[in-house]
Amino acid sequence: MADNLTITVDTHALLEALIRLGPAAEQYVHAAARVTAERIQVEARGRVRRATGRTAAAITLDEAGAPLHGWRVFVAPMPQRAANLPIWIEFGTKFMDARPFLFSSATLEEGRHQVRIAEAVQHAIDEVGLG
């Protein structure tokens, strides 16, 4: 005679919590991403060499639309300036050495961002009762 074991589990509550997890996590992750973007913006502004200060002032933060749905830091177009100027500063040209300011700022923030995102997801898990 074969041994049989049958377990019946009601997964309704778990599935409901998982459905709620998405919106809860999105809220916390969005807030954590904003903190990261703000810190990158501040760091990049501090790193860019200032002649007039216009490049530093053009390092802006905004809420990205689809498909990203998060925050982004970028150098906005500057009137009466070459559109590629931030790229030339960041990566250099054959006439000048690179003076990285944006990507190095993002790299410095990477570890702290991962911690913030992990904490954000944990808050969402706790909020919906999965913790």
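For Asn84, the CG atom sits in a packed shell: over 12 heavy atoms of surrounding residues, nucleotides or ligands are nearer than 6.0 Å. The local environment of CD in Glu16 is crowded, with over 12 non-hydrogen atoms from other residues, nucleotides or ligands closer than 6.0 Å.
Glu90 contributes atom CD, which lies 11.5 Å from atom OG1 of Thr55 (distance to the nearest 0.5 angstrom). Of the inter-residue distances, the one linking Arg99 atom CZ with Arg49 atom CZ reads 4.5 Å to the nearest 0.5 angstrom. Here the CZ-CZ distance, from Phe103 to Arg47, works out to 13.5 Å after rounding to the nearest 0.5 Å. In this structure, Asp10 CG and Leu15 CG are separated by 9.0 Å, a value rounded to the nearest 0.5 Å.
Both Leu18 and Val128 are members of a single hydrophobic cluster when ILVMFWY side chains are connected at heavy-atom separations under 4.5 Å. Residues Phe74 and Val42 fall into different hydrophobic clusters, defined by Ile, Leu, Val, Met, Phe, Trp and Tyr side chains chained together at heavy-atom separations under 4.5 Å. Under a hydrophobic clustering in which Ile, Leu, Val, Met, Phe, Trp and Tyr are joined whenever their side-chain heavy atoms come within less than 4.5 Å, directly or via other members, Leu102 and Trp88 fall into the same cluster. Two different hydrophobic clusters hold Val29 and Ile40 under the rule that ILVMFWY side chains link at heavy-atom gaps under 4.5 Å. At a threshold of 4.5 Å between side-chain heavy atoms, the hydrophobic network of Ile, Leu, Val, Met, Phe, Trp and Tyr places Met96 and Ile87 in two separate groups.
Within the 4.5 Å cutoff, no side-chain heavy atoms of His12 are placed close to those of Leu14. A 4.5 Å side-chain heavy-atom check between Ile7 and Val9 finds at least one atom pair inside the cut-off. The side-chain heavy atoms of Thr52 and Arg81, taken from C-beta on, include a pair separated by under 4.5 Å. In this structure the side chain of Glu43 never reaches within 4.5 angstrom of the side chain of Glu109, judged on heavy atoms. Within the 4.5 Å cutoff, no side-chain heavy atoms of Glu63 are placed close to those of Arg34.
Of the listed residues (Arg116, Glu127, Gln122), just one forms a side chain to side chain donor-acceptor pair (under 3.5 Å) with Tyr28, and that residue is Glu127. Exactly one residue among Asp62, Thr36, Leu61 makes a side-chain contact (heavy atoms from CB on, under 4.5 Å) with Trp71. That residue is Leu61.
For the residue pair Ala58 and Met78, the shortest heavy atom distance occurs at CB-CG, 3.6 Å. When all heavy atoms of Arg50 and Ala56 are compared, the closest pair comes out as NH2-CB, 3.7 Å. When all heavy atoms are compared, the tightest approach of Ala37 to Val73 is O-CG2, 3.2 Å. The two residues Pro79 and Pro77 come nearest to each other via the heavy atoms CD-O, 3.9 Å. Ala124 and Ala24 get closest at one heavy-atom pair: CB-C, 3.7 Å.
Side chain of Arg112 to main chain of Leu108: a donor-acceptor pair is present (N/O by atom type, distance under 3.5 Å, no hydrogens or angles).
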